[in-house]
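Structure, as structure tokens:
Side chains included, hydrogens not; waters and symmetry mates left out as well; all remaining heavy atoms used. Keep in mind that this is a model prediction, so the values were computed, not measured.
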Amino acid sequence: MPNAAQIEKTDVVLIGAGIMSATLGALLRQLQPDWSISVFERLDAAAAESSDAWNNAGTGHSALCELNYSPQKPDGSVDIGKAVDINERFQVSRQFWAYAVENGILSDPSRFINPIPHVSFVHGAADVEYLRKRYEALSRHPLFAGMEYIDSPDEFARRLPLMARGRDFSDPIALNWSDGGTDIDFGSLTKELLAHIGATGGEIGFGNEVRNLSKQKDGSWKVTVRNTRTGRTRTLISKFVFVGAGGGALPLLQKAGIKEIRGFAGFPVSGQFLRCTNPELIAKHGAKVYGKAAVGAPPMSVPHLDTRVIKGRPGLLFGPYAGWTPKFLKDGSNADLFKSIKPGNLAPMLGVGVTELSLVKYLVTELMKSQSGRVYTMEEFIPRAEGRDWELITAGQRVQVIRRKGIGGVLELGTAVIAAQDGSIAGLLGASPGASTCVTAMLDVLERCFPAEYEQWTPKLKEMVPSLGVKLSENQRLFGEVWDWTGKALQLNRSDTRAGVAAGV
């Protein structure tokens, strides 16, 4: 037991050096610059799990192209409610990043954000009709103005030459095309935000694993941290703790023992992609193209041919293909899932095992796929795909949220902020759309955990996010203003997407 002299004090502890902790730390630096902040990451680098550019978060979800956010209802109409909500939240992120660039928190925006078309793709008469209805529903909405509907094979071939080569256009095709999309390197963004926290007096501790959290009588938290290289253990007392540890958040919140985590469980799924190794193919495609999940497959399986810009260079991925491991982190332990099972979440886990048989079937099918089977799946997008042009990569772990419902449980595919009633600790569970809505999620943490301070912070928050408290979907004038401002500040109006877009696009 360390003596009092060995116990350090800090105002804020952020666990995990990913985009969520980095965003929260950067916000707090602007709102309360006199507070001390300590960031602890068990790995030796920032953004090395889900926030890495080649991993799950290496794109910008804004519902422009992701069809699972605009499902077709039984009557044939298209529900755009979730798409509008996610786009609203993404606009909040854009505003904070624009503020950060203008105020020296972030440097050259092209290091982390680049303009790239977002495209929805379907084929077959029934899905073409669905996409036409989706276009009619979204294109009238101010957040989706400028979306195009394309069903001409010639125009398809002009814009997506890699996908057109060898395609049988007797099978009808359609696209929803949005030029206002972006590609985001969340790994680079995370590193810049953490560098700002460090440069303004914060502690950034890599190779430091938080081993335990215990509540003190005065409401503070005792945080036990072990240096993974030296074995040295430190003890800190912190007024506030945020658990932004990705898949590692659930076990840490369970260790904290807060009642709000009871009934929550996690289901780990590995994300795998085929990464293109042929520069000629990469240069022939310059868009994020999302399709529809196969019948009976879960929303997490939505296939996409995805241009990503990493360190100024274009890359190309296709996937996802699901794998399975009991690990909660890419660099985790095979015991993670089993250690997370508690009396309070056993029933929800068992309940989901019964109700999500389609997910189980999907995972089994994916695990049995060979390289040739993966390439065959990709031929829906690239008819003349060849396996020699692609390599399989593992793109991190997703831990899907299982929440108690009745006597059983339900699998949720979004993100959830879990906060103690007294606001002394909070954490984030779940995956997509995750990183793209990181600023909204962290504003939620601030409002729930610092209700007294939040009111006095509001003027500064509105300086960083001018639309705070306003739905842009209901205020077209304000949306136009912030869209123009963020586009200029983030340099998104340039014609060069830095993504090797095919000639003529």
Side-chain angles (χ1 to χ4, degrees), residues 1-18 20-22 24-25 36-51 194 197 202-262 264-266 268 325-345 396-397 399 418-420 424-429 449:
M1 184 77 178
N3 58 44
Q6 294 174 298
I7 295 178
E8 306 166 50
K9 290 188 176 182
T10 187
D11 293 309
V12 175
V13 164
L14 305 176
I15 304 174
M20 296 298 174
S21 291
L24 183 58
S36 52
I37 298 176
S38 299
V39 183
F40 296 111
E41 166 59 52
R42 61 193 289 270
L43 301 179
D44 291 325
E49 283 277 352
S50 290
S51 299
L194 288 172
I197 295 169
E203 175 190 9
I204 313 293
F206 295 112
N208 281 272
E209 182 177 17
V210 173
R211 302 298 296 269
N212 200 26
L213 297 164
S214 58
K215 189 73 172 289
Q216 305 302 288
K217 290 182 180 180
D218 64 357
S220 62
W221 287 90
K222 183 168 75 172
V223 184
T224 305
V225 184
R226 180 180 179 273
N227 186 299
T228 58
R229 294 181 291 272
T230 67
R232 175 175 173 261
T233 297
R234 296 169 59 189
T235 301
L236 297 92
I237 299 296
S238 180
K239 298 175 184 177
F240 173 72
V241 174
F242 174 71
V243 186
L250 176 63
L252 283 169
L253 290 170
Q254 289 176 330
K255 283 186 177 182
I258 59 173
K259 64 179 182 179
E260 289 79 6
I261 199 63
R262 295 172 193 165
F264 280 90
T325 167
K327 295 179 180 180
F328 276 4
L329 292 165
K330 191 174 178 179
D331 189 49
S333 164
N334 285 320
D336 287 344
L337 174 61
F338 308 104
K339 287 182 177 179
S340 76
I341 300 173
K342 308 294 180 185
N345 65 17
Q397 285 287 101
V399 179
I418 309 299
S424 63
I425 187 171
L428 192 79
L429 304 180
C449 295

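Annotation: the span from N227 atom CG to E209 atom CD amounts to 10.5 Å, rounded to 0.5 Å. How far OG1 of T224 is from CZ of R226: 12.5 Å, rounded to the nearest 0.5 Å. Atom OG of residue S333 and atom NZ of residue K339 lie 5.0 Å apart, to the nearest 0.5 angstrom. Here CG of D331 is found 9.5 Å from CG of D44. Values are rounded to the nearest 0.5 Å.
For the pair G427 and F242, the tightest heavy-atom approach, listed with the atom from each and the gap, is CA-CE1, 4.0 Å. Annotation for D336 and P326: closest pair CB-O, 3.5 Å, computed over non-hydrogen atoms. Of all heavy-atom pairs between P251 and G248, the closest is CD-O, 3.3 Å. Across S220 and I237, no two heavy atoms sit closer than the pair OG-CG2, 3.4 Å. Shortest non-hydrogen contact noted between S340 and N345 is O-ND2, 2.9 Å. Smallest separation of non-hydrogen atoms from A256 and I425: CB-CD1, 3.9 Å.
When the ring-ring contact (aromatic ring centres under 6.0 Å, His included) test is applied to F240, the partners found at least two apart in sequence or on another chain are F450. For D11, the side-chain contact (heavy atoms from CB on, under 4.5 Å) criterion is met by W35, S36, K239, not counting sequence neighbours. Contacts of I261 classified as side-chain contact (heavy atoms from CB on, under 4.5 Å), with partners at least two apart in sequence or in another chain: L250, L253, Q254, I258, F264, I418, L429.
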Query - Stepwise side-chain contact (heavy atoms from CB on, under 4.5 Å) test for R42 and L329 - result: CA-CA 11 Å; R42 61 193 289 270; L329 292 165; 3.7 Å; yes
Requested in this report: Just do the side-chain contact (heavy atoms from CB on, under 4.5 Å) check on K222 and L213 with the steps written out, would you?
Outcome: CA-CA 6 Å; K222 183 168 75 172; L213 297 164; over 6 Å; no
**Report entry** Pair W221-K215, side-chain contact (heavy atoms from CB on, under 4.5 Å): steps then yes or no
**Finding:** CA-CA 5 Å; W221 287 90; K215 189 73 172 289; 3.4 Å; yes
Query raised in the report: Please walk me through it: do E203 and T10 pass side-chain contact (heavy atoms from CB on, under 4.5 Å)?
Result: CA-CA 10 Å; E203 175 190 9; T10 187; over 6 Å; no
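Exactly one of I15, T228, V39, V225 qualifies for a side-chain contact (heavy atoms from CB on, under 4.5 Å) with N208. That residue is V225.
Atom NZ of K342 has more than 12 neighbouring heavy atoms from other residues, nucleotides or ligands inside a 6.0 Å radius.
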